[in-house]
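In this text, all values refer to a predicted model and were calculated from it rather than measured experimentally.
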Amino acid sequence: MSLPPSLIITMKSLTVFAIFALVATAWADPPPAIGREVDCSSYKGKGSQIACPRHLQPICGTDHNTYSNECMFCAQTLNKEFEVRKLQDTACDIECTKYSDICTMDYRPLCGSDGKSYSNKCLFCNAVVKSRGTIFLAKHGQC
């Protein structure tokens with residue numbers, strides 16, 4: 001017994017739609033977040049103000065900025081346009097504080113977490129800023 005052509009076309013269409021739906025949902029999943037979340041609620045003072053102690057216990061944020069302590073991290077990342085998380089409990093190996101339109105040609109390669117080798121700190125930091133902190137230093141040297 002054979003199936004009518006219209007039923008075969010309908011079954012093929014449903015199969016294609018199902019595959020498309022699976023692919024679309026796989027692409028829609030956000031990449032896993034890097035770093036660790038910091039609970040800033042314990043540093044709240046009056047209103048929205050944060051009062052921080054002056055002790056030095058540096059941490060590195062996923063934006064590749066070193067903060068003098070966890071409280072300062074909370075105070076300075078409170079109004080950022082993107083979520084900054086704690087990358088490590090020490091100062092950052094590479095500081096990325098800004099984007100630069102012009103980079104030098106020096107060659108001191110850095111390997112990013114995206115698997116790409118960057119020729120120097122300037123190019124690496126530009127990639128960090130463009131990625132809104134999702135790229136971090138995997139290692140010094142080429143990937």
Side-chain angles (χ1 to χ4, degrees), residues 3 5-143:
L3 297 173
S6 61
L7 184 58
I8 293 173
I9 291 172
T10 303
M11 290 173 62
K12 285 182 179 179
S13 298
L14 285 173
T15 303
V16 169
F17 177 76
I19 291 171
F20 176 78
L22 284 172
V23 170
T25 56
W27 282 340
D29 288 341
I34 59 167
R36 297 181 310 275
E37 234 180 303
V38 175
D39 179 16
C40 294
S41 63
S42 61
Y43 300 113
K44 295 284 185 192
K46 292 182 180 180
S48 64
Q49 299 288 327
I50 295 179
C52 294
R54 294 183 182 242
H55 71 278
L56 184 61
Q57 192 173 5
I59 68 167
C60 180
T62 54
D63 59 352
H64 279 270
N65 287 320
T66 298
Y67 299 90
S68 56
N69 58 46
E70 196 172 86
C71 182
M72 289 301 292
F73 168 86
C74 290
Q76 293 176 355
T77 61
L78 186 63
N79 296 319
K80 287 244 180 176
E81 294 177 13
F82 56 94
E83 180 186 24
V84 180
R85 297 166 64 97
K86 186 192 310 186
L87 187 60
Q88 61 192 36
D89 289 317
T90 58
C92 297
D93 296 327
I94 301 289
E95 290 277 334
C96 293
T97 55
K98 62 184 176 192
Y99 178 87
S100 177
D101 289 330
I102 301 171
C103 291
T104 61
M105 302 268 304
D106 62 320
Y107 184 71
R108 295 177 186 205
L110 298 170
C111 178
S113 60
D114 57 352
K116 293 182 183 176
S117 292
Y118 297 91
S119 297
N120 56 44
K121 176 185 170 183
C122 179
L123 294 171
F124 171 75
C125 286
N126 284 350
V128 169
V129 171
K130 282 182 185 176
S131 75
R132 300 174 68 126
T134 60
I135 296 174
F136 57 92
L137 181 66
K139 68 175 189 170
H140 290 270
Q142 291 187 351
C143 294

Tell me which pairs pass salt bridge (charged side-chain N to carboxylate O under 4.0 Å, His left out) where either residue lies in residues 133-143, with sequence neighbours left out.
none
Return the CD1 to SG distance between I94 and C60, rounded to the nearest 0.5 Å.
10.0 Å
Contacts of T77 meeting side-chain contact (heavy atoms from CB on, under 4.5 Å) (sequence neighbours excluded), chain-then-number -> Y67, F73, K80, V84
Beyond-backbone contact of C71 with P53, side-chain heavy atoms, under 4.5 angstrom
yes
With F124 via ring pair (Phe, Tyr, Trp, His ring centres under 6.0 Å) - residues at least two apart:
H64, Y118
Tell me, please, which residues at least two apart from S119 pass side chain to side chain donor-acceptor pair (under 3.5 Å).
none
Apply side-chain contact (heavy atoms from CB on, under 4.5 Å) to E95 and list each qualifying residue two or more places apart in sequence or on a separate chain.
N65, T66, C92, T97, K121
Between atom CG of L87 and atom CG of D63, what is the distance when rounded to the nearest 0.5 Å?
9.5 Å
T104 side chain reached by C122 side chain, heavy atoms, under 4.5 Å
no
From NE2 (H55) to CD (E70), nearest 0.5 Å
8.5 Å
Apply side-chain contact (heavy atoms from CB on, under 4.5 Å) to I102 and list each qualifying residue two or more places apart in sequence or on a separate chain.
none
Contacts of T90 meeting side chain to side chain donor-acceptor pair (under 3.5 Å) (sequence neighbours excluded), chain-then-number -> Q88
Can you give me the closest heavy-atom contact between G112 and C143, atom names plus distance?
N-SG, 4.0 Å
Could you pull out all residues at least two apart from D39 that satisfy side-chain contact (heavy atoms from CB on, under 4.5 Å)?
S41
Please examine the side chains of H140 and L110, heavy atoms only from C-beta on, and report whether any two atoms are closer than 4.5 Å.
yes
What is the distance from atom SG of C103 to atom CG of N126, rounded to the nearest 0.5 Å?
4.5 Å
Sorted by chain and residue number, the salt bridge (charged side-chain N to carboxylate O under 4.0 Å, His left out) partners of D89 (sequence neighbours excluded) come out as R36, K86
Closest contact, heavy atoms only, S113 versus I135:
OG-CA, 3.4 Å
Applying side chain to side chain donor-acceptor pair (under 3.5 Å), can you list everything that pairs with S131, at least two apart in sequence or on another chain?
T134
